[in-house]
K.L.:
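I have a structure here, written as structure tokens, and I will follow up with some questions on it.
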Amino acid sequence: MIVSTINELRDKLSYIRKQNKTIGLVPTMGFLHEGHLSLIKRASQETDFVVVSDFVNPTQFAPNEDFDSYPRDIKRDYKLAMESGADIIFYPSVEEMYPKGSSTFVEVTGDITKVLCGQTRPTHFRGVTTVVNMLFNIVNPDKAFFGQKDAQQAAVLTKMINDTHQDIELIVCPIIREKDGLAKSSRNTYLNKDEREQAVILNKSLSLAKEKFDNGEKNINTLKQTVVDSINTMPLAKIDYVEIYNYPSLTKIEKINGKFIIAVAVYFGKTRLIDNIILE
Ligand code: AMP
């Protein structure tokens, strides 16, 4: 079932809650692929009733970014989501989520939103936390499901939940990849043939660093340089960042001690792709 208004969604969910069913939420911007579907499947295993939101959120795009051209296909999304175990697709308009005059943002401050993607996209996470907080308020889920593909987003949202004392369990699901290793993304559709071929270097460079780490390399700069050199073998790749941080705190790392993330963002033409690996 597709629901477009907050009131209708709340009505349906209050009925579900009266039956003592648990509710899972999978926030997406639509144009669903197997990455999204893996979250929906996981949600349907772990909760009784699954809400998938399908909303291209304007506040997480900067004016020069791809909000208008972001791919959309609600009919296809609906079919795929329902087949994967969704019970309701929440498909609101921009006006429904941000009615005229709305001027409130939820923002996680500090370095966690300033490093990595926060550096080149300074207003991005404020948009993400604002919309996800709205979805949490509307749906009031027991569990919410996010992908490790957007590892910084998961870290920021975990902090938002903790800092604002929300009683929601955030589940981070593994990255789903194409056969050649490229992380699935709605933005992969922007790539031309040559860019698509060369984009495999993101995952390859991270795998190379993992291999070195597993073989005993513990020097942060060496691991970082391995990734940079590997990405730079592709002529169409333009590095936005290659960084290593403690995870999930995203604090600076001097010596490896526990979990850490190697995160990359790379342009192929106008398309910016991200990928990461979490090691321990
Ligand atoms: P998006 O529609 O890009 O905002 O993504 C919605 C959710 O799907 C986010 O939690 C993403 O991290 C997750 N996601 C996107 N791509 C993948 C992928 N390849 N594997 C796993 N999860 C993903």
Side-chain angles (χ1 to χ4, degrees), residues 24-46 50-62 65-67 69-74 76-78 80-81 84-86 89-92 97 116-117 121 124-136 139 141 143-161 168-191 196 199-200 202-203 206 247-248 261 263-266 271-278:
L25 170 67
V26 183
T28 82
M29 296 206 300
F31 212 69
L32 303 183
H33 51 66
E34 281 161 50
H36 300 114
L37 303 183
S38 73
L39 308 188
I40 300 171
K41 285 174 195 158
R42 176 86 176 265
S44 75
Q45 285 163 6
E46 293 201 18
V50 178
V51 179
V52 175
S53 63
D54 190 313
F55 179 61
V56 185
N57 173 39
T59 60
Q60 69 191 71
F61 291 79
E65 292 181 348
D66 56 342
F67 174 72
S69 59
Y70 197 85
R72 293 157 165 94
D73 189 344
I74 184 62
R76 183 173 159 276
D77 286 352
Y78 175 70
L80 291 173
S84 302
I89 317 298
F90 180 48
Y91 180 64
M97 295 296 273
L116 301 175
C117 292
R121 307 184 76 191
H124 172 69
F125 288 109
R126 187 177 85 149
V128 170
T129 43
T130 297
V131 79
V132 171
N133 188 64
M134 283 183 195
L135 292 168
F136 284 175
V139 174
K143 297 184 184 186
F145 298 81
F146 293 87
Q148 191 202 309
K149 162 88 192 321
D150 300 275
Q152 186 175 14
Q153 171 174 280
V156 169
L157 290 171
T158 301
K159 187 156 196 313
M160 178 186 83
I161 288 175
I168 295 169
E169 189 181 346
L170 188 146
I171 313 261
V172 182
C173 304
I175 303 175
I176 304 296
R177 299 178 178 281
E178 304 285 353
K179 276 204 185 79
D180 63 5
L182 177 66
K184 298 222 180 209
S185 165
S186 310
R187 289 194 170 96
N188 291 350
T189 53
Y190 298 154
L191 300 170
R196 172 65 188 82
V200 296
L202 271 74
N203 178 51
L206 294 170
Y247 194 82
I261 185 168
V264 303
V266 179
T271 308
R272 184 173 169 282
L273 301 179
I274 57 171
D275 203 346
N276 68 79
I277 191 166
I278 294 170

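Atoms within each ligand, like the ligands themselves, are counted from 1 in listed order. This is a predicted model, so every value here is computed, not measured. Side-chain atoms are counted along with the backbone in the values below, which use heavy atoms only and exclude waters and symmetry mates.
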K.L.:
Quick one: nearest non-hydrogen protein atom to atom 23 (C) of ligand 1, plus distance?
P.N.:
Lys149 CB, 3.9 Å
K.L.:
Under 4.0 Å from a heavy atom of Phe146: which atoms of ligand 1 are those, numbered in the order shown and with their elements?
P.N.:
10 (O)
K.L.:
In Å, rounded to the nearest 0.5 Å, how long is the span from CZ of Phe146 to CD1 of Ile171?
P.N.:
11.0 Å
K.L.:
Hey, could you give me the CG/NE2 distance between Asn188 and His33, rounded to the nearest 0.5 Å?
P.N.:
7.5 Å
K.L.:
Please could you name the atoms of ligand 1 that His33 approaches to less than 4.0 Å, counting only its heavy atoms?
P.N.:
15 (C), 16 (N), 17 (C)
K.L.:
Cationic tip of Arg187 within the cone over Tyr70's six-membered ring, i.e. under 6.0 Å and within 45° of the normal?
P.N.:
no
K.L.:
Side chains of Thr129 and Leu157: closer than 4.5 Å at any heavy-atom pair?
P.N.:
yes
K.L.:
Which heavy atom of Asp54 sits nearest a heavy atom of Ile89, and at what distance?
P.N.:
CB-CG2, 4.0 Å
K.L.:
Show which atoms of ligand 1 fall inside a sub-4.0 Å distance from at least one heavy-atom site of Leu39.
P.N.:
7 (C), 8 (O), 10 (O), 13 (C)
K.L.:
Determine, for Asp275 against Arg177, whether the closest basic-nitrogen to carboxylate-oxygen distance falls under 4.0 angstrom.
P.N.:
yes
K.L.:
Using modelled atom types and a 3.5 Å cut-off, is there a donor and acceptor pairing between side-chain atoms of Asn203 and backbone atoms of Asp180?
P.N.:
no
K.L.:
Only heavy atoms count here, so choose which of Pro27, Pro174, Gly147 is nearest to atom 6 (C) of ligand 1.
P.N.:
Pro27
K.L.:
Should you measure from each heavy atom of Gln153, which atoms of ligand 1 turn up under 4.0 Å away?
P.N.:
9 (C), 10 (O)
K.L.:
Does the Lys NZ or Arg CZ of Arg72 fall within the cation-pi geometry relative to Phe67 - under 6.0 Å from the ring centre and within 45° of the axis?
P.N.:
yes
K.L.:
Less than 3.5 Å between some nitrogen or oxygen of Asp150 and one of ligand 1, yes or no?
P.N.:
yes
K.L.:
Taking both backbone and side-chain atoms of Lys184, is any N or O found less than 3.5 Å from an N or O belonging to ligand 1?
P.N.:
yes
K.L.:
Under 4.0 Å from a heavy atom of Ile175: which atoms of ligand 1 are those, numbered in the order shown and with their elements?
P.N.:
20 (N), 21 (C)
K.L.:
Tell me: protein heavy atom nearest atom 5 (O) of ligand 1, and distance?
P.N.:
His36 NE2, 3.4 Å
K.L.:
What atoms of ligand 1 come closer than 4.0 angstrom to any heavy atom of Met29?
P.N.:
1 (P), 2 (O), 4 (O)
K.L.:
Distance to 0.1 Å, residue and atom name: give those for the protein heavy atom nearest to atom 20 (N) of ligand 1.
P.N.:
Ile176 N, 2.8 Å
